[in-house]
Amino acid sequence: MRFSQDEFEKLKNHLVLYRCVMKDMQTRVDVLQEDFNNLKQYNPIEHVKTRLKTPESIARKLNSRGIALTADDARQHLTDIAGIRCICSYAKDISDLAEIFKRQPDIKLLAEKDYVTNPKPSGYRSHHLILNVPVHLTDRTEHLAVELQIRTQAMDFWATLEHKARYKYNDAMPLHISQALEKCAQEIADLDERMYEIQRSVSLEI
């Protein structure tokens, strides 16, 4: 399924706005890192990734949900066209960083899913925020949804591997692979906790 030519042109205009909102979010993270690095004792943010869905990916998602392939429907119904991922040092940092974003006065929280406290059955762990973020243009202000994911490096590595496996097997992953991934997810969670305890002990001894 593809957008019609007219809707594709409209979608391209929407994607310009989504690129702007991703730049805005990147700037917000950069400011936080400056604050952490210079005014705080510890910076929990290791690195940041951004992602903008392609028109093809947007069309597939709309089609899978039975939604019309129009630019306006994409903007209205999809909350993950623009995505940003913050990779943290330790699992304990995740909820603290989520609260920082939720406290920003010009951002509105639309939805929140804590898959760190309550992992998916597959073992997937991450903290998801759907945020309504303003984009200030020359003649108006637009508000767009952005998906923010916060996870540790180990969680991110696991999620990347799990995604590749699901894609390869077209969401029909063999049982032995899904079970191995679920076991690894728990082992990663345990490792994250042990690494944090070591870091805390080292900090207390300094």
Side-chain angles (χ1 to χ4, degrees), residues 1-34 45 47-87 97-98 100-115 120 122 124 126-151 155-156 159-173:
M1 298 294 292
R2 294 183 178 180
F3 290 95
S4 69
Q5 188 59 40
D6 287 345
E7 290 300 328
F8 181 72
E9 292 301 319
K10 292 179 184 178
L11 181 64
K12 287 198 298 185
N13 291 332
H14 285 334
L15 292 179
V16 171
L17 297 178
Y18 281 106
R19 280 193 289 271
C20 291
V21 81
M22 283 201 308
K23 290 180 180 179
D24 179 277
M25 288 298 294
Q26 179 70 63
T27 298
R28 291 172 190 262
V29 174
D30 291 344
V31 170
L32 290 179
Q33 289 188 298
E34 283 291 323
I45 304 173
H47 59 273
V48 178
K49 301 176 182 179
T50 59
R51 184 267 305 141
L52 185 68
K53 277 189 178 296
T54 64
E56 294 78 14
S57 177
I58 292 170
R60 284 196 300 269
K61 192 157 191 177
L62 288 174
N63 186 56
S64 69
R65 295 185 178 184
I67 300 172
L69 296 187
T70 70
D72 289 341
D73 278 318
R75 181 168 171 177
Q76 179 180 351
H77 295 287
L78 302 185
T79 58
D80 62 346
I81 293 176
I84 184 165
R85 184 177 301 153
C86 286
I87 308 302
L97 190 56
I100 289 173
F101 281 100
K102 288 158 61 177
R103 287 198 302 266
Q104 295 193 2
D106 59 338
I107 286 180
K108 180 181 179 182
L109 178 66
L110 299 179
E112 181 173 14
K113 293 183 179 179
D114 182 0
Y115 296 120
K120 289 185 177 182
S122 65
Y124 176 85
S126 186
H127 196 119
H128 292 195
L129 300 176
I130 303 299
L131 305 173
N132 186 280
V133 181
V135 176
H136 303 291
L137 305 171
T138 56
D139 58 347
R140 68 193 189 281
T141 298
E142 298 275 358
H143 292 80
L144 294 100
V146 179
E147 181 184 58
L148 171 63
Q149 298 178 354
I150 311 172
R151 59 178 69 151
M155 292 174 189
D156 192 52
T160 300
L161 179 59
E162 193 264 354
H163 177 76
K164 289 179 180 178
R166 278 194 295 108
Y167 181 80
K168 177 177 180 179
Y169 293 107
N170 196 26
D171 287 328
M173 201 184 305

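Positions are given from 1 along the sequence.
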Engineer: What are the two closest non-hydrogen atoms of A82 and Y18, and how far apart are they?
Structural biologist: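 Here A82 and Y18 meet closest at CB-CD2, 3.7 Å.
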Engineer: Measure the spacing between CZ of R166 and CE of M173 and express it to the nearest 0.5 Å.
Structural biologist: 6.5 Å
Engineer: May I ask you to test the D80-K53 pair for a side-chain heavy-atom distance under 4.5 Å?
Structural biologist: yes
Engineer: Decide yes or no for T160 and H163: does some side-chain heavy atom of the first lie under 4.5 Å from some side-chain heavy atom of the second?
Structural biologist: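 The answer is no; the side chains never approach within 4.5 Å.
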Engineer: Grab the two heavy atoms, one from K10 and one from A71, that are nearest each other, plus how far apart they are.
Structural biologist: CB-CB, 3.6 Å
Engineer: What I'd like to find out is whether the side chain of L62 reaches to under 4.5 Å of the side chain of F3, using heavy atoms alone.
Structural biologist: yes
Engineer: Does L131 reach the side chain of L109, with side-chain heavy atoms less than 4.5 Å apart?
Structural biologist: yes
Engineer: Would you call L17 and R75 a side-chain contact if the rule is heavy atoms closer than 4.5 Å?
Structural biologist: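 Yes, side chains in contact.
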Engineer: Are there more than 12 heavy atoms of other residues, nucleotides or ligands under 6.0 Å from atom NE2 of H77?
Structural biologist: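 Buried by this count: over 12 neighbours within 6.0 Å.
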Engineer: Would you please test Y167 and K164 for side chain to side chain contact (heavy atoms under 4.5 Å, CB included) and show each step?
Structural biologist: CA-CA 5 Å; Y167 181 80; K164 289 179 180 178; 5.7 Å; no
Engineer: Measure the spacing between OG of S126 and CG of L148 and express it to the nearest 0.5 Å.
Structural biologist: 8.5 Å
Engineer: Under 6.0 Å from the NZ atom of K102, do we count more than 12 heavy atoms belonging to anything else shown?
Structural biologist: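 Enclosed.
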Engineer: Regarding R60 and E56, does a basic nitrogen lie under 4.0 Å from an acidic carboxylate oxygen?
Structural biologist: no
Engineer: Check whether R2 reaches the backbone of L69 with its side chain - one donor and one acceptor, N or O, closer than 3.5 Å.
Structural biologist: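 No, the answer is negative, given that no donor and acceptor are paired below the 3.5 Å cut-off.
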Engineer: Are any non-hydrogen side-chain atoms of H14 and D72 less than 4.5 angstrom apart?
Structural biologist: yes
Engineer: Tell me whether E112 contacts the main-chain N or O of L129 through its side chain, where contact means a donor paired with an acceptor under 3.5 Å.
Structural biologist: no
Engineer: Report yes if the side chains of D73 and Q76 come closer than 4.5 Å at any heavy-atom pair, otherwise no.
Structural biologist: yes
Engineer: To the nearest 0.5 Å, tell me how far D114 CG sits from I150 CD1.
Structural biologist: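 One gets 10.0 Å once the value is rounded to the nearest 0.5 Å.
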Engineer: Salt bridge check: are R28 and D24 linked by an N-O gap of less than 4.0 Å?
Structural biologist: yes
Engineer: List the steps and the verdict of side chain to side chain contact (heavy atoms under 4.5 Å, CB included) for M25 and T50.
Structural biologist: CA-CA 9 Å; M25 288 298 294; T50 59; over 6 Å; no
Engineer: First locate atom CD of E142, then atom SG of C20, and finally report the distance between them rounded to the nearest 0.5 Å.
Structural biologist: 10.0 Å
Engineer: Which residues satisfy the ring pair (Phe, Tyr, Trp, His ring centres under 6.0 Å) test with Y115, sequence neighbours excluded?
Structural biologist: Y124, H128
Engineer: Calculate, to the nearest 0.5 Å, the distance between atoms NE2 and CG belonging to H143 and L110 respectively.
Structural biologist: 10.5 Å
Engineer: I would like to know whether K49 and Q149 meet side chain to side chain contact (heavy atoms under 4.5 Å, CB included); could you show each step before the answer?
Structural biologist: CA-CA 10 Å; K49 301 176 182 179; Q149 298 178 354; over 6 Å; no
Engineer: For a 4.5 angstrom cut-off between non-hydrogen side-chain atoms, does L15 reach I81?
Structural biologist: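 The answer is yes, as the side chains (C-beta and beyond) meet within the 4.5 Å cut-off.
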Engineer: Taking atom types as modelled, is there a side-chain donor on E9 or N13 under 3.5 Å from an acceptor on the other?
Structural biologist: no
Engineer: If you compare all heavy atoms of M22 against all heavy atoms of G83, which two are closest, and at what distance to 0.1 Å?
Structural biologist: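 So the minimum-distance heavy-atom pair works out to SD-O, 3.8 Å.
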Engineer: In sequence, state the C-alpha distance, the side-chain angles, and the governing distance for D30 and E34, and then conclude on side chain to side chain contact (heavy atoms under 4.5 Å, CB included).
Structural biologist: CA-CA 6 Å; D30 291 344; E34 283 291 323; 5.8 Å; no
Engineer: Can you tell me how far CG of L11 sits from CG of D6, rounded to the nearest 0.5 angstrom?
Structural biologist: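 Separation between the atoms: 12.5 Å.
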